[in-house]
2 protein chains.
Amino acid sequence: MRVLIVEDDPLHRSYLHEAVRAALPECDMVVEAENGQSGEIEARKSRMEHVVMDLQMSERNGIEAARTIWRERPDTKILFWSNYSDEAYVRGVSRIVPEGATYGYVLKSASDERLKLALRSVFVESQCVIDREVRGIQQKSLGNAHGLTDAEYEILVDVALGLTDKAIAQRKRLSLRSVQNRLQQLYEKLDVYDLPDDGMEGWYNLRMRAVAVALLRKVLNSSALERAERELRDSGSR
Amino acid sequence: MRVLIVEDDPLHRSYLHEAVRAALPECDMVVEAENGQSGEIEARKSRMEHVVMDLQMSERNGIEAARTIWRERPDTKILFWSNYSDEAYVRGVSRIVPEGATYGYVLKSASDERLKLALRSVFVESQCVIDREVRGIQQKSLGNAHGLTDAEYEILVDVALGLTDKAIAQRKRLSLRSVQNRLQQLYEKLDVYDLPDDGMEGWYNLRMRAVAVALLRKVLNSSALERAERELRDSGSR
DNA sequence: CTTTGTCTTGCGGGAACCCGCAGATTTTGC
DNA sequence: GCAAAATCTGCGGGTTCCCGCAAGACAAAG
């Protein structure tokens, strides 16, 4: 068995290396990459079928790297190992995992034991392992208690990029009014109408406030914004 | 000499511990804290005069912890050790460092050698050590080439929180028009008028776009937003 | 004292946003 | 196959935003 480690922090990288060695004695080769860019290249070159991947790296983050790896070989087993369980990351991962692929999501705050268990479960048993906490976020994100629909999320991203209603309507092939409808749903779900103190109406610019709340709740994060910005520029110049 | 380490990542914490031991043989006591909250308490309890502090921790981040520590003992020497050199962090740090205090700012990507040198310089020689890259950000942030004035930055934060022009005017004791003036300066400095492709006017909601650009350029980050949000709620309920 | 520059404030208008209402269209459940 | 529910769409209005124009306030330089 051969394992590829993609992680930009040297300390964490060597810790991971150690953990892989300990948890997977049948592993006879460990390759390290220090960002998503070189991670993709390494995976392609060596046809790696087992990857441990950090999210949030410079150059190219884990989600993008994982997407291209899976696009080339959908049976690759990937264990995500991340600091945070931001809804934006969780949503980003579930968005790209192909049909029937096996993957895992473990937080860096998890114990040694949990990490090693996850390594064995995912790589040897081909079993999906999602950290308890991450699972919670996933649930909330899907069950529309306070979670956003995909449609709503897309609108949120477009708004956050600074696009006009009209521009969004054009991009999404919708009428102006439909975009505004979606926006209103968004405002409700994000509790934008909650005022800090009553007696102050008109204190919030709803559009901006919605994005602020999304950022504070980690529904959006800057990494997701960067990704969206790049897509926007690409599609714009096409 | 006694040193307090405030860092939430266990790996980095023990690495730091090691580095302190190696660089400062005269140090006879090292205390560790795993977030800003307990860092403050520990500093107060043990009257620590030397602190190594991570920025970006949960609970209470490094900037807030440093502020309260410095408020109680302005002669405390603090070495910030951070992953990023976001303008938001750099600005946040320079905003709270008291008159004549000695501090340092080193990136985690720096070499072993650089870290140890910084430890000695700051703690023993009482000399300020600012990482080259961070220094660059500082310059750019002050020299108004593309840097924002404090006034502009404050407006930016208020806008990013989702406040209306009127609300900002009231908070800042300005007229409506003055707020809008500052906003326009902001729009120019953030190049909001740059269109991805020409022939599309009215594609951007300037207010939102300005915040998006600020986030993408790391002039703002979510940690700064969280801080501002807390201040807003506090001042609102007062 | 005058001049020049920066900062503030008011006015006014065009554009974008927010949203209730109501009809048309699509999706869903049975 | 049909009714209920959810979505999409156009209209109209009230509000906020964006910004050019211009008049006052204040400080620094000539």
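Per chain, numbering begins at 1; letters A, B, ... match sequence-line order.
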| request: Name all residues meeting the side chain to side chain donor-acceptor pair (under 3.5 Å) criterion together with B:R44; count only those two or more places apart in sequence or in a different chain, and write none if there are none. | output: B:E72
| said: Pair A:N181, A:R177 - check side chain to side chain donor-acceptor pair (under 3.5 Å), show working. | reply: CA-CA 6 Å; A:N181 271 335; A:R177 191 59 179 88; 2.9 Å; yes
| task | Inspect the contact between A:E229 and A:R233 and indicate whether a charged nitrogen and a carboxylate oxygen are less than 4.0 angstrom apart. | result | yes
| request: Kindly say if B:Y193 contacts the phosphate of D:dC19, meaning a side-chain N or O under 4.0 Å from OP1 or OP2. | output: yes
| Looking at DNA chain C, which of residues 150-157 of chain B put a heavy atom within less than 4.0 Å of it? | none
| note | Here the distance between atom P of D:dC17 and atom CZ of A:R207, to the nearest Å, is 12 Å
| query | Could you give the CG-to-C1' distance, from A:L163 to C:dA16, as a whole number of Å? | reply | 14 Å
| request: Determine, for B:R230 against B:E64, whether the closest basic-nitrogen to carboxylate-oxygen distance falls under 4.0 angstrom. | output: yes
| Separation of D:dC18 C1' from B:Y187 OH (nearest whole Å) | 7 Å
| request: Using ring pair (Phe, Tyr, Trp, His ring centres under 6.0 Å) as the criterion, list what pairs up with B:F123, not counting sequence neighbours. | output: B:H50
| task | Starting at atom CD of A:E188, determine the distance to atom C1' of C:dG20, rounded to an integer number of angstrom. | result | 13 Å
Please list every donor-acceptor pair under 3.5 Å in which a side-chain atom of residues 73-82 of chain B meets a protein atom from a residue at least two apart or in another chain.
{"from": "B:T76", "atom 1": "OG1", "to": "B:R73", "atom 2": "O", "distance (Å)": "2.7"}
{"from": "B:K77", "atom 1": "NZ", "to": "B:S126", "atom 2": "OG", "distance (Å)": "3.0"}
{"from": "B:S82", "atom 1": "OG", "to": "B:Y84", "atom 2": "N", "distance (Å)": "3.1"}
{"from": "B:S82", "atom 1": "OG", "to": "B:Y84", "atom 2": "O", "distance (Å)": "3.2"}

| Heavy-atom contacts under 4.0 Å between residues 174-185 of chain A and DNA chain C, which residues? | A:R177, A:Q180, A:L183, A:Q184
| task | Round to the nearest Å and state the distance from A:M208 atom CE to C:dC18 atom P. | result | 12 Å
| said: How many whole angstroms separate atom CG of B:D165 from atom P of D:dT16? | reply: 10 Å
| query | So, is B:Y204 near the phosphate of D:dC18, with a side-chain N or O under 4.0 Å from OP1 or OP2? | reply | no
| message | Please report the interatomic distance NZ(A:K218) to CD(B:E226), rounded to the nearest 0.5 Å. | response | 4.5 Å
| query | With sequence neighbours left out, which residue pairs that include part of residues 95-107 of chain A fulfil the salt bridge (charged side-chain N to carboxylate O under 4.0 Å, His left out) condition? | reply | none
| said: Can you measure A:L186 atom CG to C:dC18 atom C1' for me and round it to whole angstrom units? | reply: 14 Å
| query | Whole Å only: how far is the NZ atom of B:K166 from the P atom of D:dC18? | reply | 15 Å
| field | Under-4.0 Å salt bridge between A:R217 and A:E87 | value | no
